[in-house]
Amino acid sequence: MPRIKVRLITDADIPAAINLLTRGYGPGGADGPARPRSFWEHIFSYLRLRPLHAGELPRFGYVIDSDGELVGILLLIFSTIWENGKAKIRCGGSGLYVDPAFRMYAPLLIRKASSIRDATILNLTPAEHTFRIIEALSYVRYCDGIFVSIPLFSRAPKDAPVSVVDVHTKLDVSLDPHDRDLLLEHADCGCTSLWCITPQGAHPFVFRSRKLKKVSCAQQLVYCRNVDDFVRFARPIGLFLARHTGRFLVVLDANDPVQGLVGKYFAGKANRFFCGSDRPRLGDLAYTEISLFGIGV
């Protein structure tokens with residue numbers, strides 16, 4: 001019998017880890033679209049450059065080691081999320097694969113991630129056949145649908161004039177430094193990051209291009225302080241996105257139709273799970289595989 005252990009991914013593991021993911025997510029491999037070797041090389045390059053967080057948190061994630069051979073992997077993204085001036089640790093997966101002969105050990109990887117103290121662990125793009133395993137490991141579903149909106153059909157804000165600008169625009173208003181850093185990092189990863197400016201302040205938003213029925217025609221809302229902010233500024237944001245990206249639809253995670261927006265709710269189209277004490281809020285997919293790498297969109 002081979003000796004099986006779950007351990008941290010090290011720098012020396014990266015070539016073998018990329019081979020494993022490329023094999024798993026190649027044609028006929030794991031669930032989801034096939035992804036080339038260059039895709040995983042990019043993710044490891046990104047994770048290698050990110051600053052480590054305080055404590056014993058992994059830079060890359062965990063692997064299943066069978067007598068020195070990598071047979072399973074769980075990539076993780078750790079980030080600091082600021083809520084009402086308090087820093088919280090969030091962890092999201094960006095790739096999970098276990099060779100078929102070792103699938104019985106897959107829960108060990110998930111359990112290893114969920115055992116990290118003082119962190120909220122996200123599983124945002126699980127395959128349907130893994131739902132029971134995830135729930136058995138104390139993960140809770142917090143979202144199971146999407147709302148496809150047409151923000152141009154929303155009413156213009158009545159309470160104040162609004163201007164929408166790209167994150168790189170120089171502004172003479174006070175900006176939250178954590179929001180600014182979040183917007184800039186996501187812009188560097190290919191997202192559309194913008195500010196809605198009102199006399200009361202600047203409101204941050206981040207969107208990621210996504211497909212609907214295999215057609216690239218929409219933007220996914222991946223960050224805002226509150227979904228009510230998007231509802232409030234939907235029309236000016238819709239105008240900005242139409243002019244600068246050519247997309248007229250915005251998709252939001254939702255559990256019900258979103259009041260104040262024109263569009264349609266689709267149940268069962270986004271199964272998001274979490275483990276930990278802090279329930280994630282809708283409208284916040286920042287620093288996840290969805291917003292940073294486009295996985296699941």
Side-chain angles (χ1 to χ4, degrees), residues 79-88 90 143 146-210 218-265 278-288 290-292 297:
S79 301
T80 301
I81 304 299
W82 291 87
E83 296 267 349
N84 300 318
K86 296 182 178 180
K88 299 180 179 180
R90 172 187 291 173
C143 178
I146 61 172
F147 187 83
V148 180
S149 69
I150 310 174
L152 282 174
F153 288 177
S154 297
R155 295 180 179 180
K158 296 181 178 180
D159 52 348
V162 178
S163 60
V164 181
V165 297
D166 179 81
V167 65
H168 296 103
T169 303
K170 292 184 178 180
L171 300 171
D172 293 327
V173 299
S174 177
L175 302 175
D176 183 300
H178 302 303
D179 282 338
R180 183 190 60 228
D181 292 344
L182 185 153
L183 265 61
L184 288 171
E185 182 169 352
H186 282 76
D188 288 342
C189 290
C191 292
T192 299
S193 297
L194 53 87
W195 297 102
C196 279
I197 310 298
T198 72
Q200 289 73 41
H203 301 264
F205 293 89
V206 181
F207 300 87
R208 181 94 196 189
S209 297
R210 70 164 292 166
Q219 294 279 359
Q220 173 79 43
L221 174 65
V222 294
Y223 181 74
C224 63
R225 291 178 187 156
N226 191 298
V227 172
D228 289 343
D229 287 346
F230 178 71
V231 174
R232 177 185 175 192
F233 302 121
R235 181 169 175 79
I237 288 175
L239 287 168
F240 181 95
L241 294 176
R243 289 169 181 166
H244 294 272
T245 73
R247 309 291 174 89
F248 295 87
L249 303 177
V250 171
V251 179
L252 299 77
D253 284 359
N255 291 316
D256 296 288
V258 180
Q259 299 300 314
L261 293 179
V262 176
K264 185 175 181 180
Y265 174 67
D278 295 320
R279 184 182 183 89
R281 58 182 176 79
L282 299 178
D284 184 4
L285 297 171
Y287 300 117
T288 66
I290 294 173
S291 60
L292 297 176
V297 295

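Judged by distance alone, the side chain of Y287 and the main-chain N or O of L292 form no donor-acceptor pair under 3.5 Å. The backbone N or O of L152 lies less than 3.5 Å from a partner atom in the side chain of R235, making a donor-acceptor pair.
Between W195 and L175 the shortest side-chain heavy-atom distance falls below 4.5 Å. Contact check for P157 versus P236: side-chain heavy atoms found under the 4.5 Å cut-off. No side-chain heavy atom of L239 sits less than 4.5 Å from a side-chain heavy atom of V164. The side-chain heavy atoms of R208 and T288, taken from C-beta on, include no pair separated by under 4.5 Å. At a threshold of 4.5 Å between non-hydrogen side-chain atoms, the residues I150 and L249 count as touching. The shortest side-chain heavy-atom distance between C224 and H203 does not fall under the 4.5 Å cut-off.
With V167 as the fixed residue, the side chain to side chain contact (heavy atoms under 4.5 Å, CB included) test singles out one of T192, V206, D179, L183: L183. If you run side chain to side chain contact (heavy atoms under 4.5 Å, CB included) between Q220 and each of V250, L252, V251, only V251 comes through.
Side-chain atoms of D176 and H178 form no donor-acceptor pair, as typed in the model, at a separation below 3.5 Å.
Between atom CG of residue L194 and atom OG1 of residue T169 there is a gap of 9.5 Å, rounded to the nearest 0.5 Å. Atom CD of Q259 and atom CZ of F147 lie 8.5 Å apart (nearest 0.5 Å). For the atom pair C191 SG and L285 CG, the distance stands at 10.0 Å (nearest 0.5 Å). Of the inter-residue distances, the one linking C143 atom SG with R281 atom CZ reads 13.5 Å to the nearest 0.5 angstrom. The structure places NZ of K86 at 15.5 Å from OG1 of T80, a figure rounded to the nearest 0.5 Å. Once rounded to the nearest 0.5 Å, the distance linking CG of L241 with NE2 of H244 reads 9.0 Å.
Within 6.0 Å of CZ in R155 there are 12 or fewer heavy atoms belonging to other residues, nucleotides or ligands.
The heavy-atom pair separating L282 from V227 by the smallest distance is O-CG2, 3.5 Å. Of all heavy-atom pairs spanning V262 and S154, the tightest one is N-OG, 4.5 Å. Taking all atoms of both residues into account, the shortest heavy-atom contact from H168 to A187 is CE1-CB, 4.1 Å. The two residues F205 and F233 come nearest to each other via the heavy atoms CZ-CD1, 3.9 Å. Residues R232 and Q200 come closest through the heavy atom pair NH2-OE1, 4.2 Å. Minimum interatomic distance between A234 and P151 (heavy atoms only, all atoms of both residues): O-CB, 3.2 Å.
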*Begin from the C-alpha positions of R90 and D278 and carry the test salt bridge (charged side-chain N to carboxylate O under 4.0 Å, His left out) through to its verdict.*
CA-CA 9 Å; R90 172 187 291 173; D278 295 320; over 6 Å; no
*List the steps and the verdict of side-chain contact (heavy atoms from CB on, under 4.5 Å) for F207 and I237.*
CA-CA 10 Å; F207 300 87; I237 288 175; 3.6 Å; yes
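Two rings, from Y223 and H186, have their centers 6.0 Å or more apart.
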